[in-house]
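In what follows, a single structure is set out as structure tokens and then discussed.
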Amino acid sequence: MAVPGAARALRALLLPLSPRSVPLTPRGPAASYGTSITSAKIQVNGVNLHYQQTGEGSHAVLLLPGMLGSGQTDFGPQLKSMNKQLFTIVAWDPRGYGQSIPPSRDFPPDFFERDAKDAVDLMQALKFKKFSLLGWSDGGITALIAAAKYPALIHKLVVWGANASVTQEDVRIYNGIRDVSKWSEKVKKPLEEMYGHEYFAKTCEAWVDGISRFAEKSDGNICQELLPLIKCPTFIIHGEKDPLVPRYHAEYIQKHIKGSQLLLMPEGKHNLHLRFAEEFNKQVENFLL
């Protein structure tokens with residue numbers, strides 16, 4: 001879910017306010033954001049994927065956004081303020097989101113695996129031999145799968161707002177945001193401007209249907225069996241006031257990834273990396289060093 005404005009507004013709706021806590025040639029000219037963030041597209045797995053890149057550090061980091069999200073919309077404070085001497089930061093738009101349209105977004109049973117392969121293949125196309133993953137919400141699930149399936153490529157892993165299964169309680173939460181006409185105008189407007197009302201509404205409904213299908217399995221499994229395969233250092237962050245992802249999910253992930261760390265932010269909500277960006281960036285940079 002996206003955009004500094006849109007993402008924050010959307011989360012303000014979903015999460016009641018509270019206090020705290022390539023060198024392959026890009027297709028088309030790279031646009032410049034400010035003086036230090038570039039934007040381009042590159043073909044990966046038959047799709048022109050949009051990405052932003054900043055920093056000159058030797059440690060490459062990929063930022064993976066949430067539902068309806070994109071790099072620029074979900075990670076403004078990270079693109080702007082993470083240490084650009086230590087890190088090279090890439091933020092991508094998954095297929096069907098942000099500026100990676102076409103294709104239209106869809107949600108087949110393997111959509112998380114598809115995103116994981118796209119993300120890893122994007123970084124390889126950009127000539128990064130090894131890199132770390134920072135994944136939020138759906139992007140956190142994608143990052144978990146990528147770290148498990150492509151261990152030789154992943155240096156370190158940070159996830160927040162992620163879950164490895166879907167419960168009936170989760171489905172009730174998801175259905176609460178299905179109908180975008182019930183969202184406030186302040187929330188809807190930026191996303192409608194990005195996607196158009198029809199695409200925005202259709203994609204949100206399709207996402208709810210797609211992720212709810214996991215709950216039809218007896219264990220609600222998305223990627224539980226992959227967690228023990230994750231061998232890289234892993235840092236899980238959870239906002240204790242996150243009404244979209246109950247604490248149980250963060251604790252389950254920490255329990256099943258050997259040696260992983262869990263940080264609980266008492267006042268954090270789903271968008272803790274935006275609301276508490278300075279603290280989040282500091283914690284993450286210290287872990288990545």
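Worth saying up front: this structure is predicted, and the values here are computed from it rather than measured. Hydrogens, waters and symmetry mates are skipped; everything else that's a heavy atom, side chains included, is used.
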Checklist entry - Among all residues two or more places apart in sequence or in another chain, which pass the side chain to side chain contact (heavy atoms under 4.5 Å, CB included) test with Glu205? => result Arg178
Checklist entry - Are Tyr97 and His50 an aromatic pair by the rule of ring centers under 6.0 Å? => result no
Item to check | Pairwise side-chain contact, Trp207 with Leu68, heavy-atom cut-off 4.5 Å (strictly under) | outcome: no
Checklist entry - Heavy-atom distance under 4.5 Å between the side chains of Leu274 and Pro77, does that happen here? => result yes
Checklist outcome for this item: residues 84-104 vs salt bridge (charged side-chain N to carboxylate O under 4.0 Å, His left out), sequence neighbours excluded, gives Arg95-Asp118
Checklist entry - Near Lys217 NZ, under 6.0 Å, is it more than 12 heavy atoms from other residues, nucleotides or ligands? => result yes
Checklist entry - Roughly how far apart are Met265 CE and His273 NE2, rounded to 0.5 Å? => result 11.0 Å
Checklist entry - Quick check: are there more than 12 heavy atoms from other residues, nucleotides or ligands sitting under 6.0 Å from NZ of Lys130? => result yes
Item to check | Side-chain (Gln78) to main-chain (Leu63) donor-acceptor, under 3.5 angstrom | outcome: no
Checklist entry - Of all heavy-atom pairs between His238 and Val245, which one has the smallest distance, and what is that distance? => result CE1-O, 2.9 Å
Next on the checklist: Using only atom types and a distance under 3.5 Å, with no angle test, would you say the side chain of Lys149 pairs donor to acceptor with the backbone of Leu229?
Outcome noted: no
Checklist entry - Hey, are the side chains of Trp92 and Leu62 touching, using non-hydrogen atoms and a 4.5 Å cut-off? => result yes
Checklist entry - Measuring from Lys202:NZ to Asp106:CG, what's the distance to the nearest 0.5 Å? => result 10.0 Å
Next on the checklist: Please determine whether side chain to side chain contact (heavy atoms under 4.5 Å, CB included) holds for the pair Gln99 and Ser70, giving the CA-CA distance in whole Å, both sets of side-chain angles, and the decisive distance to 0.1 Å.
Outcome noted: CA-CA 8 Å; Gln99 296 183 52; Ser70 63; over 6 Å; no
Checklist entry - Parallel, tilted or perpendicular for Tyr199 and Tyr195, by the 30°/60° rule? => result parallel
Next on the checklist: Show, in sequence, the C-alpha distance, side-chain angles and deciding distance for Trp160 and Leu134, and conclude whether the side chain to side chain contact (heavy atoms under 4.5 Å, CB included) test is met.
Outcome noted: CA-CA 8 Å; Trp160 66 104; Leu134 270 63; 4.0 Å; yes
Checklist entry - Passes side chain to side chain contact (heavy atoms under 4.5 Å, CB included), Ile237 versus Val284? Steps please. => result CA-CA 9 Å; Ile237 304 174; Val284 168; 4.1 Å; yes
Checklist entry - So which heavy atom on Gly69 is nearest to which on Pro94, and how close? => result O-CD, 4.2 Å
Next on the checklist: Just verifying a value: how many Å separate Ile222 CD1 and Ile145 CD1, rounded to the nearest 0.5 Å?
Outcome noted: 7.5 Å
Item to check | Check: Lys231 side chain, Pro151 main-chain N or O, donor-acceptor pair, under 3.5 Å | outcome: no
Checklist entry - Less than 4.0 Å between a side-chain N and a carboxylate O, is that true for Arg114 and Asp110? => result no
Item to check | Heavy-atom check, side chain of Thr88 versus side chain of Phe131, under 4.5 Å | outcome: no
Next on the checklist: As an exercise, state the distance from CG of Leu264 to CZ of Arg247, rounded to the nearest 0.5 Å.
Outcome noted: 4.5 Å
Item to check | Non-hydrogen side-chain atoms of Ile253 and Ser260 separated by less than 4.5 Å | outcome: no
Checklist entry - Just wondering, do Asn271 and Trp136 contact through their side chains at under 4.5 Å, heavy atoms? => result yes
Checklist entry - Just by modelled atom types, is the Gly66 backbone N or O under 3.5 Å from a matching donor or acceptor in the Asp74 side chain? => result yes
Checklist outcome for this item: What one should report as the nearest heavy-atom pair of Thr203 and Phe107 is O-CE1, 3.8 Å
Item to check | Worked verdict on Asp170 versus Thr167 for side-chain hydrogen bond (donor to acceptor under 3.5 Å, both in side chains) | outcome: CA-CA 5 Å; Asp170 296 327; Thr167 67; 3.1 Å; yes
Checklist entry - Is any side-chain heavy atom of Ile89 closer than 4.5 Å to a side-chain heavy atom of Phe75? => result no
Next on the checklist: For a side chain to side chain contact (heavy atoms under 4.5 Å, CB included) check, start with the C-alpha distance between Leu288 and His59, then their side-chain angles and the critical distance, and finish with the verdict.
Outcome noted: CA-CA 9 Å; Leu288 292 175; His59 189 151; 4.0 Å; yes
Checklist entry - Taking side chain as C-beta onward, heavy atoms only, is Met67 less than 4.5 Å from Ile211? => result no
Item to check | Backbone of Leu49 reached by a side-chain donor or acceptor of Ser100 within 3.5 Å | outcome: no
Next on the checklist: Nearest 0.5 angstrom please: Asp242 CG to Ser137 OG, how far?
Outcome noted: 8.0 Å
Checklist entry - Where do Pro266 and Lys241 come nearest, in terms of heavy atoms and distance? => result O-CG, 3.6 Å
Checklist outcome for this item: What one should report as the nearest heavy-atom pair of Cys204 and Trp183 is SG-CZ2, 3.9 Å
Checklist entry - What are the two closest heavy atoms between Leu157 and Ala147, and how far apart are they? => result CD2-CB, 3.9 Å
Checklist entry - In Å, rounded to the nearest 0.5 Å, how long is the span from CD of Gln85 to CD of Glu56? => result 7.5 Å
